[in-house]
Amino acid sequence: MRKHLEIFPVTGLPEVAAGDDLAALIAEGTDLRDGDVVSVTSKIVSKAEGRLTYGTRQEAVDAELVRVVAQRGETRIVQTRHGLVMAAAGTDTSNTAPGTVLLLPVDPDASARDLRTALQERYDVNVGIVVTDTLGRPWRNGQTDLAIGAAGVRVVEDLRGTTDSHGNVLAVTEPALADEIAGASELVKGKADGVPVAVLRGLEDVVLPIGEHGPGARALVRDAEHDMFSLGTRESARAAVLHRQPPSGPRAADPALWSGLLTDVDGVRLEAADNAVTVFGDEPVTVGLVAERLAVLLHAEGYGVTVRPGPGSEATVTFGSRSG
């Protein structure tokens, strides 16, 4: 257990421009020690790397995104090439010239590694680096700083398999150390104080030996396959209705998946056989509505689905594995 942690800002740094030497600016602004962790706002990393583009912010977002997660009006939550899910792809127009937009570093983990290496080779100090950016979070108001790049620090502390003070085995506990470092450092950097760097002292157990950079902050990004919230509500509904894929192979389904589908529907019955469910009823419109709802339910569970109208008031929903 850590008994003591100090966090202090690095003040007096000049306005950073393309080509500036961040290692020199940071080392000259503070007395770094082995085992320190340096938290650097991504904005000055981007400025030093010349990540400034001309045009509108919407154009910059279009260029940086790989998919739209959710959109309301002009506000877009997107996934970037880094795998990060954030508003406006992390682009920034504050403290930049009119008509210009600041982008995130091309590879924040590589930026962190370069900065760490420069500090070690030129100033003979072994520190960890965390590159931070400000993000909103699902279900929570406000924003906080998270790690988008890291080098020389353990980004996750895996406590699975250990026991708590009552002897219970921890099954899923994995504190995101790099994110905790980013959030703690923001307390002394602030959003409007012009302090882009902070140093955390007392985390020697988190800092890796010289030459070991670790997996970087990329290890904190949850891939889409395991992301239960990979789309916004509206986008999920549209995908279920408009982007359904046909089944490519048989796949069994538990009838519990469509339990409750007919709770408020009269005159309709379902018959399941192999990898298809047939909907029967007196009213063709009602049969069609039930069949489409069934298709959406199956799609949400990862099935490829097709709906085929039958004779009279009948429709068959066929399902299977999307990948075969």
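- Tracing side-chain contacts under 4.5 Å through hydrophobic residues (I, L, V, M, F, W, Y), one reaches L25 starting from Y123; they form part of the same cluster.
- Closest of all the heavy-atom pairs between L200 and S39 is CD1-CB, 4.1 Å.
- Side-chain contact between V206 and I181 is present, with at least one heavy-atom pair separated by less than 4.5 Å.
- T306 OG1 to Q245 CD: the interatomic distance, rounded to the nearest 0.5 Å, is 12.0 Å.
- We find that E64 and R51 are joined by a salt bridge, their nearest charged nitrogen and carboxylate oxygen being less than 4.0 Å apart.
- Side-chain contact check for L231 versus R67: some heavy-atom pair is nearer than 4.5 Å.
- What you find for S248 and S321 is that their closest heavy atoms are OG-O, 2.6 Å.
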Side chain to side chain donor-acceptor pair (under 3.5 Å) assessment of E49 paired with S111: CA-CA 9 Å; E49 295 178 354; S111 301; 2.6 Å; yes
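- In terms of hydrophobic clustering, with Ile, Leu, Val, Met, Phe, Trp and Tyr side chains grouped at heavy-atom distances under 4.5 Å, L32 and V131 are assigned to a common cluster.
- Checking T96, D133, D92 one by one against K43, the side chain to side chain donor-acceptor pair (under 3.5 Å) holds for a single residue, D92.
- E314 and R308 are not joined by a salt bridge, as no carboxylate oxygen comes within less than 4.0 angstrom of a charged side-chain nitrogen.
- Other residues, nucleotides and ligands contribute more than 12 heavy atoms inside 6.0 Å of the CD atom of E212.
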Just do the side-chain contact (heavy atoms from CB on, under 4.5 Å) check on V207 and V127 with the steps written out, would you? CA-CA 7 Å; V207 177; V127 298; 5.9 Å; no
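- Residue L84 comes nearest to I148 through the heavy atom pair CD1-CG2, 3.7 Å, listed as atom of the first residue, atom of the second, then distance.
- D109 contributes a side-chain N or O that, together with a main-chain N or O of A150, makes up a donor-acceptor pair within less than 3.5 Å.
- With hydrogens and angles disregarded, a donor-acceptor distance shorter than 3.5 Å links the side chain of Q71 to the backbone of G73.
- The side-chain tip of R251 points at the ring of Y303 from less than 6.0 angstrom away and within 45° of straight on.
- Between S313 and D282, every side-chain heavy-atom pair lies at or beyond the 4.5 Å cut-off.
- The shortest distance between side-chain heavy atoms of V130 and S185 does not fall below 4.5 Å.
- Using a distance-only test at 3.5 Å, with no hydrogens or angles considered, no donor-acceptor pair links the side chain of T316 to the main chain of T278.
- Note that CG of L208 is 6.0 Å distant from CZ of R116, once rounded to the nearest 0.5 Å.
- In this structure, the separation between CG on D36 and CD1 on I129 is 10.0 Å, given to the nearest 0.5 Å.
- Between L102 and L52, the closest side-chain pair of non-hydrogen atoms falls below 4.5 Å.
- With a 6.0 Å radius and a threshold of 12 heavy atoms from other residues, nucleotides or ligands, R234 has its CZ atom above the threshold.
- Here the side chain of D20 pairs a donor or acceptor atom with the backbone of A17 at under 3.5 angstrom.
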Run the numbers on N275 and T318 for side-chain contact (heavy atoms from CB on, under 4.5 Å), then give the verdict. CA-CA 6 Å; N275 64 323; T318 304; 4.0 Å; yes
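- The distance from the CZ atom of R57 to the CG atom of L103 is 10.5 Å, given to the nearest 0.5 Å.
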Is there a side-chain contact (heavy atoms from CB on, under 4.5 Å) between V40 and I26 once you walk through the steps? CA-CA 9 Å; V40 185; I26 292 171; 4.1 Å; yes
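- Considering only heavy atoms from C-beta on, I7 stays 4.5 Å or farther from L187 through its side chain.
- Shown here are the salt bridge (Lys or Arg N to Asp or Glu O under 4.0 Å) partners of R269, two or more places apart in sequence or in another chain: E271.
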What verdict does the side-chain contact (heavy atoms from CB on, under 4.5 Å) test give for D205 and R154, after you've listed the backbone C-alpha separation in whole Å, the side-chain angles of each residue and the deciding distance to 0.1 Å? CA-CA 9 Å; D205 60 311; R154 289 189 292 118; 3.8 Å; yes
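- Crowding of R72 atom CZ: a count of heavy atoms from other residues, nucleotides or ligands under 6.0 Å exceeding 12.
- How far CG of D254 is from OG of S259: 9.5 Å, rounded to the nearest 0.5 Å.
- Residues V10 and V16 fall within the same hydrophobic cluster, defined by Ile, Leu, Val, Met, Phe, Trp and Tyr side chains chained together at heavy-atom separations under 4.5 Å.
- In this structure, T132 and A182 approach most closely via the heavy-atom pair CG2-CB, 3.5 Å.
- V195 and L13 are not part of a single hydrophobic cluster, where members link through side-chain heavy atoms under 4.5 Å apart.
- Residue M86 is tested with T134, T91, L104 for a side-chain contact (heavy atoms from CB on, under 4.5 Å); the sole match is L104.
- With hydrogens and angles ignored, the 3.5 Å screen pairs a side-chain donor or acceptor of E59 with a backbone N or O of T56.
- For the residue pair R137 and G142, the shortest heavy atom distance occurs at NH2-O, 3.6 Å.
- In this structure a side-chain-to-backbone donor-acceptor pair under 3.5 Å is missing from D179 to L146.
- Hydrophobic clustering (ILVMFWY, side-chain heavy atoms < 4.5 Å, transitive): V188 and L5 are in one cluster.
- Between L270 atom CG and L262 atom CG the span is 4.5 Å, to the nearest 0.5 Å.
- The backbone N or O of D34 lies less than 3.5 Å from no partner atom in the side chain of N126, so there is not a single donor-acceptor pair.
- Using a 4.0 Å cut-off between charged nitrogen and carboxylate oxygen, E292 and R244 count as a salt-bridge pair.
- The side-chain heavy atoms of L294 and F319, taken from C-beta on, include no pair separated by under 4.5 Å.
- In this structure, V45 and L22 have side chains that are in contact, with non-hydrogen atoms separated by less than 4.5 Å.
- Comment: D62 engages R76 in a salt bridge, judged by a side-chain N to carboxylate O separation of less than 4.0 angstrom.
- Between E301 and L257, the closest heavy-atom pair is CG-CD2, 3.7 Å.
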